[in-house]
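So the structure is just underneath, and the comments pick up after that.
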Protein chains: 2
Amino acid sequence: MADKTILVVDDEKDLLDLIEYNLKKEGFKVLKAENGEEGIERAKEFHPDLVLMDIMMPKMDGMEAVEKMRKDDELKSIPIIFLTARSDEKTEVEGLNKGGDDYITKPISTTKLISRIKAVLRRFDETEEEVNRLEVHDLTIDKDRYIVQRGDEEFQLPRKEFELLYYLASRKGKVRDRQTLLNKVWGDNIYVVDRTVDVHVRKIREKLGDHYIETVKGVGYRFKE
Amino acid sequence: MADKTILVVDDEKDLLDLIEYNLKKEGFKVLKAENGEEGIERAKEFHPDLVLMDIMMPKMDGMEAVEKMRKDDELKSIPIIFLTARSDEKTEVEGLNKGGDDYITKPISTTKLISRIKAVLRRFDETEEEVNRLEVHDLTIDKDRYIVQRGDEEFQLPRKEFELLYYLASRKGKVRDRQTLLNKVWGDNIYVVDRTVDVHVRKIREKLGDHYIETVKGVGYRFKE
DNA sequence: GCAGACCGTAACAATTTCTTAACGGGTGTA
DNA sequence: TACACCCGTTAAGAAATTGTTACGGTCTGC
């Protein structure tokens with residue numbers, strides 16, 4: 001939980017400072033912004049782990065800022081907690097629809113604020129954690145941890161091997177020629193001899209056994225269907 | 001991405017409604033079912049583009065439903081995302097080699113859910129192009145996999161044989177002389193004796209039987225109409 | 001800076017695929 | 001029947017492709 005950066009967006013400077021003080025005491029890093037526009041700038045620059053956003057603000061209000069963030073690929077996955085003065089159910093619903101992940105009314109006790117923040121961060125950590133897994137045959141290929149599991153065994157493949165395996169496994173059955181593999185796994189304009197793919201395939205087979213990746217002579221490789 | 005239909009299967013009505021609401025807001029069409037059995041019925045009827053499937057359900061649980069779907073020709077290629085409660089994740093998911101394409105633990109933020117759905121759809125869009133598949137007589141000639149199927153049999157033809165077969169099969173009934181076949185399958189400026197074609201035709205016949213490619217004496221070859 | 005992991009490359013071995021050439025059978029025709 | 005033409009079939013060697021290993025370079029963590 002430590003080391004998380006939180007962006008606080010509020011036009012009331014006193015409140016901003018108060019929140020900053022309390023968050024820092026809890027070990028968070030804090031960024032501040034005084035309106036939506038500035039908030040988005042900060043977010044783009046620093047990619048905070050969470051945004052605390054006031055709804056009522058000059059220049060660009062919180063609602064609008066959040067809508068923009070949700071449309072921005074860079075920012076759309078950052079969790080947002082709304083702050084508002086009124087406990088008004090209608091705005092609450094609207095706020096959540098626009099893409100907020102939680103909603104807090106002012107005034108709020110700092111302990112409650114902190115616990116909400118931690119709750120949202122925890123939720124995001126968890127979902128983030130479980131998300132990139134692939135189950136093929138008897139393998140679990142976990143892209144978040146860069147680990148391949150088979151039963152109780154765990155294989156720690158080097159990056160390229162892992163990514164090659166992942167790419168093929170996520171297209172189970174489809175043949176891909178070496179050039180395509182290089183483009184997709186190594187990158188578009190990387191100059192590498194295509195036999196490099198062979199060597200990596202061999203290393204994967206060496207570790208996992210050769211019954212996963214099939215060779216299609218004259219064409220390329222394929223993850224076994 | 002728009003216009004995609006998503007079938008959500010979950011026994012918790014509230015959650016079902018919440019997910020429906022959020023998916024519709026994203027422009028998806030939504031089908032709902034409250035247990036596995038109903039889910040399969042809906043899937044058969046409407047052929048959704050993706051299924052969001054809860055694992056723990058009464059009547060027929062998600063695991064069982066997915067197994068059934070994977071065995072059903074009509075449904076087997078529909079991508080499935082599992083939903084699972086955090087607690088039973090570890091045990092349940094290990095038995096899931098059957099055919100989930102992803103899974104997500106509850107509770108989940110809607111933004112995360114949406115992004116996962118889009119990711120899976122994107123992956124399937126990319127890979128699921130029916131264009132490269134040819135169905136002739138009792139054969140399926142799949143150029144993506146470089147595999148020929150007949151019923152449960154699979155034939156892995158060498159490249160030239162495969163390409164020759166594919167070329168003829170995709171022009172079912174049309175006769176092509178050897179020179180044309182060489183140009184089209186071997187390439188324009190390849191110097192090869194035309195009897196080579198005969199040998200390849202023979203090999204194909206040897207593997208698949210001789211009732212697919214017909215000889216037209218004095219002219220060339222033809223895939224049987 | 002050193003050890004070790006990782007990556008790309010080259011070289012050679014092993015394997016598969018392709019091509020050729022040769023022979024034989026069938027068919028039609030003079 | 002004899003001949004010409006075309007295709008089927010086979011086997012051998014050529015060619016292409018991949019497997020495997022080893023080596024140097026780079027980067028990283030200690």
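The sequence lines fix the lettering, A, B, ..., with proteins before strands; numbering per chain opens at 1.
For the pair A:Arg205 CZ and C:dA14 C1', the interatomic distance rounds to 14 Å; values are reported in whole Å. The distance between atom CZ of A:Phe162 and atom C1' of C:dC7, rounded to the nearest whole Å, is 18 Å. Rounded to an integer number of Å, the gap from A:Ile204 CD1 to D:dG19 C1' is 14 Å. Rounded to whole Å, the distance from NZ on B:Lys207 to P on C:dT16 is 12 Å. For A:Asp210 and D:dT18, the CG to P distance is 16 Å, given to the nearest whole Å. Residue B:Asp198 contributes atom CG, which lies 12 Å from atom C1' of C:dT19 at whole-angstrom precision. Atom CG of A:Leu181 and atom P of C:dG8 are 13 Å apart (whole Å). As rounded to whole Å, 14 Å separates atom C1' of D:dG19 from atom CG of A:Asp194.
Classification of A:Lys13 and A:Glu34 as a salt-bridged pair holds, one side-chain N sitting under 4.0 Å from a carboxylate O.
Listed candidates were D:dC7, C:dC7, D:dT20. Nearest to the side chain of A:Lys160 is C:dC7. With distances taken from any side-chain atom of A:Arg202 to the nucleotides D:dT9, D:dG19, D:dT21, the minimum falls on D:dT21. Of all nucleotides listed (C:dT9, C:dC18, C:dC7), C:dC7 comes nearest to the side chain of A:Arg159. Considering only side-chain atoms of A:His200, the nucleotide from C:dG8, D:dC7, C:dT19 that sits closest is C:dG8. Checking C:dC18, D:dC7, D:dT18 against the side-chain heavy atoms of B:Pro158 singles out C:dC18 as nearest.
When heavy atoms are screened at a 4.0 angstrom cut-off, B:Val199 is found touching base atoms of the nucleic acid. Using a 4.0 Å heavy-atom distance criterion, A:Lys217 is classed as a base contact.
Applying the 4.0 Å criterion to OP1 and OP2 of D:dG8, one finds that B:Tyr221 has a side-chain N or O inside that range. When the side-chain nitrogen and oxygen atoms of B:Thr215 are compared with OP1 and OP2 of D:dC6, none of them lie within a distance under 4.0 Å. Side-chain N/O atoms of B:Trp186 include none lying less than 4.0 angstrom from OP1 or OP2 on C:dC18.
A cation-pi arrangement is present between B:Lys143 and B:Tyr166, with the terminal nitrogen or guanidinium carbon under 6.0 Å from the aromatic centre and inside a 45° cone about the axis.
The aromatic rings of A:Trp186 and A:His200 lie perpendicular to each other, with more than 60° between the two planes, well past the 30° mark.
When the nearest nucleotides of DNA chain D are assigned to B:Arg195 and B:Lys203 by heavy-atom distance, the more 5′-ward of the two goes with B:Arg195.
Exactly one residue among B:Ile80, B:Ile6, B:Thr5 makes a side-chain contact (heavy atoms from CB on, under 4.5 Å) with B:Leu50. That residue is B:Ile6.
Residues B:Thr180 and B:Asp177 bring a donor and an acceptor atom of their side chains to less than 3.5 Å of each other.
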